[in-house]
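Structure first, commentary second.
The structure presented is a predicted model; accordingly, all values stated were derived computationally and were not measured. Because only heavy atoms are used, hydrogens play no part in the values below, and waters and symmetry mates are left out as well, while side chains stay in.
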Amino acid sequence: MYEADDKMITIISDNYNILQSLGSFGINLGFGDNTVNEVCKSQGVDTGTFLAVVNFTINGYKNADQIKQLSIPTLLQYLQASHAYYLDFELPFIRRELSEALDMDDNLAVLIMKLYDEYARSIRQHMKYEEKTVFPYVRSLLDNEVQGDYGIETFSKHHGQTGQKLKELKNIIIKYLPSSGLRNNQLSATLYDIYNCEEWLSQHARVEDEIFIPAIRHLEQQTRQNDVSMKISNMISKGSDSDSLSQREKEVIVGVVQGMTNKEIADHLSIAINTVITHRRNIARKLQIHSPAGLTIYAIVNNLVDISSVKI
């Protein structure tokens with residue numbers, strides 16, 4: 001497992017396929033003998049997040065506690081840059097290679113190109129969905145502006161491998177496509193790139209499944225906790241609402257907080273039970289608080305009861 005004090009060049013020398021990850025993180029070459037931490041800091045990349053992705057892609061290492069400390073903006077940058085590389089460079093590059101290697105007068109070659117275009121279209125649709133739906137949702141979480149019922153579990157349930165057409169393409173080329181010596185060399189080189197492309201896509205999907213999705217689940221939990229805290233804070237800040245309550249309504253709240261039933265409150269205040277029910281309905285409407293626990297917090301904050309007299 002690589003650590004922050006290891007030299008960046010060491011990681012690259014041991015694992016040349018990490019070169020693509022450097023570009024996706026926005027790390028430029030020319031970093032000399034600097035350590036991972038020095039390179040990341042100088043290029044504005046969160047070191048822990050970089051190492052989490054690198055160690056996972058190299059040897060599958062994943063730390064649940066580390067997931068909670070990842071930089072979500074750095075992860076987003078990495079995933080978006082990976083999409084851009086794949087959609088804007090890798091897919092068009094392989095298509096050009098195929099076109100040059102195939103005899104387009106051959107009907108089988110035409111079908112192969114059609115199969116590749118279908119594959120490219122499915123990948124583009126998948127990644128564009130993430131760009132238009134998933135990533136904006138994550139940014140809204142970071143900004144505490146979440147609206148609607150969308151959650152990362154929706155993405156997780158529909159997130160699967162999209163490389164079946166690529167496997168079909170490889171098998172057709174290997175098994176059925178006749179070629180001359182020159183075309184055979186071109187097809188072999190193209191197949192090599194297709195295999196690398198398939199491996200990269202699989203790795204990309206694993207990073208999303210095993211690092212990105214768990215990190216967003218944790219962010220969602222934090223957001224929900226913050227939302228609850230904000231609601232409690234708002235309720236406390238509305239202490240002036242107690243002025244809109246009648247004295248009798250305040251007495252009913254005290255009775256509820258002390259665990260009395262409606263009948264017990266009615267007997268204690270010498271009023272009818274239907275009157276107690278009406279008071280409770282008015283209290284809920286005025287305060288927008290419907291639970292005994294919520295009324296207890298309200299009563300304590302507004303000095304209707306002493307906290308020492310409340311059974312928690």
Side-chain angles (χ1 to χ4, degrees), residues 17-28 40 43-46 48-50 52-54 56-57 62 67-68 70-96 115-167 169 193-194 196-224:
N17 56 339
I18 295 300
L19 279 170
Q20 177 52 40
S21 293
L22 291 184
S24 294
F25 275 109
I27 295 177
N28 298 317
C40 287
Q43 304 202 31
V45 176
D46 181 73
T49 306
F50 173 79
V53 172
V54 165
F56 178 76
T57 55
K62 185 180 68 169
I67 292 292
K68 300 175 182 178
L70 297 180
S71 165
I72 304 300
T74 298
L75 268 182
L76 283 176
Q77 173 188 329
Y78 168 78
L79 294 176
Q80 285 185 290
S82 296
H83 286 185
Y85 169 80
Y86 200 77
L87 297 178
D88 299 338
F89 174 77
E90 189 69 14
L91 287 178
F93 176 77
I94 292 178
R95 194 184 194 286
R96 285 195 301 271
L115 183 61
Y116 179 79
D117 287 341
E118 289 176 356
Y119 160 75
R121 186 161 48 251
S122 67
I123 293 298
R124 191 172 298 278
Q125 289 174 345
H126 174 79
M127 291 186 173
K128 289 301 181 183
Y129 165 76
E130 294 182 19
E131 297 282 344
K132 292 181 179 180
T133 304
V134 181
F135 296 164
Y137 165 71
V138 172
R139 292 191 193 94
S140 70
L141 280 177
L142 292 171
D143 294 336
N144 291 315
E145 296 177 352
V146 180
Q147 295 180 351
D149 298 327
Y150 187 84
I152 200 63
E153 288 306 319
T154 302
F155 171 61
S156 176
K157 290 175 183 177
H158 297 89
H159 186 240
Q161 295 290 344
T162 54
Q164 186 59 39
K165 286 187 175 66
L166 201 61
K167 294 178 182 178
L169 181 67
D193 288 334
I194 290 174
N196 280 339
C197 173
E198 182 182 31
E199 182 180 352
W200 180 90
L201 182 64
S202 176
Q203 171 185 298
H204 178 78
R206 287 197 303 270
V207 168
E208 289 188 325
D209 286 336
E210 302 295 330
I211 294 182
F212 177 66
I213 290 175
I216 303 310
R217 283 197 190 107
H218 177 65
L219 180 60
E220 286 177 332
Q221 291 172 355
Q222 285 184 314
T223 302
R224 283 194 293 268

Just wondering, do Leu70 and Phe212 contact through their side chains at under 4.5 Å, heavy atoms?
no

List for me each residue that meets salt bridge (charged side-chain N to carboxylate O under 4.0 Å, His left out) alongside Lys62, sequence neighbours excluded, and say none if there are none.
Glu210

Minimum heavy-atom separation for Leu91 to Tyr116, with atom names?
O-OH, 2.6 Å

Using every non-hydrogen atom in the two residues, find where Ala81 and Ser24 come nearest and quote the distance to one decimal.
CB-O, 3.2 Å

CD (Glu199) with more than 12 external heavy atoms under 6.0 Å
no

Whether Phe89 and Phe93 hold their rings parallel, tilted or perpendicular, with breakpoints at 30° and 60°
parallel

Can you measure from CD1 (Ile18) to CZ (Phe50) and round to the nearest 0.5 angstrom?
7.0 Å

Can you measure from OH (Tyr137) to CG (Leu219) and round to the nearest 0.5 angstrom?
7.5 Å

After noting the C-alpha distance and the side-chain angles of Ser71 and Thr49, does the key distance pass the side chain to side chain donor-acceptor pair (under 3.5 Å) rule?
CA-CA 6 Å; Ser71 165; Thr49 306; 4.6 Å; no

Hey, can you tell me if His204 and Trp200 have their rings parallel, tilted or perpendicular (30° and 60° cut-offs)?
parallel

Is any side-chain heavy atom of Ser140 less than 4.5 Å from a side-chain heavy atom of Tyr150?
no

Out of the candidates Leu75, Leu76, Val134, Val138, only one should pair with Ile216 under the side-chain contact (heavy atoms from CB on, under 4.5 Å) rule; please name it.
Val138

List in chain and number order the residues that pass side-chain contact (heavy atoms from CB on, under 4.5 Å) with Arg217, two or more places apart in sequence or in another chain; answer none if no residue qualifies.
Ile152, Glu153, Ser156, Ile213, Pro214

Exercise: identify the closest heavy-atom pair between Asn17 and Gln203
ND2-OE1, 4.5 Å

Ring-plane angle category for His83 and Phe135, please: parallel below 30°, perpendicular beyond 60°, tilted otherwise.
parallel

Which heavy atom of Ile27 sits nearest to which heavy atom of Gln43, and what is that distance?
CA-OE1, 3.2 Å

Do Thr57 and Arg206 have side chains that get closer than 4.5 Å, going by heavy atoms?
no

If only atom types and distance count, is the side chain of Glu90 paired as donor or acceptor with the main-chain N or O of Cys197 below 3.5 Å?
no

Mind listing the closest non-hydrogen atom pair of Ala52 and Ile211 along with its distance?
O-CD1, 3.7 Å

Determine whether the aromatic ring centres of residues His126 and Tyr86 are separated by less than 6.0 angstrom.
no

Once rounded to the nearest 0.5 Å, what's the spacing between atom CG of Asp117 and atom CZ of Arg95?
4.0 Å

Student check: side-chain heavy atoms of Glu130 and Phe155 closer than 4.5 Å
yes

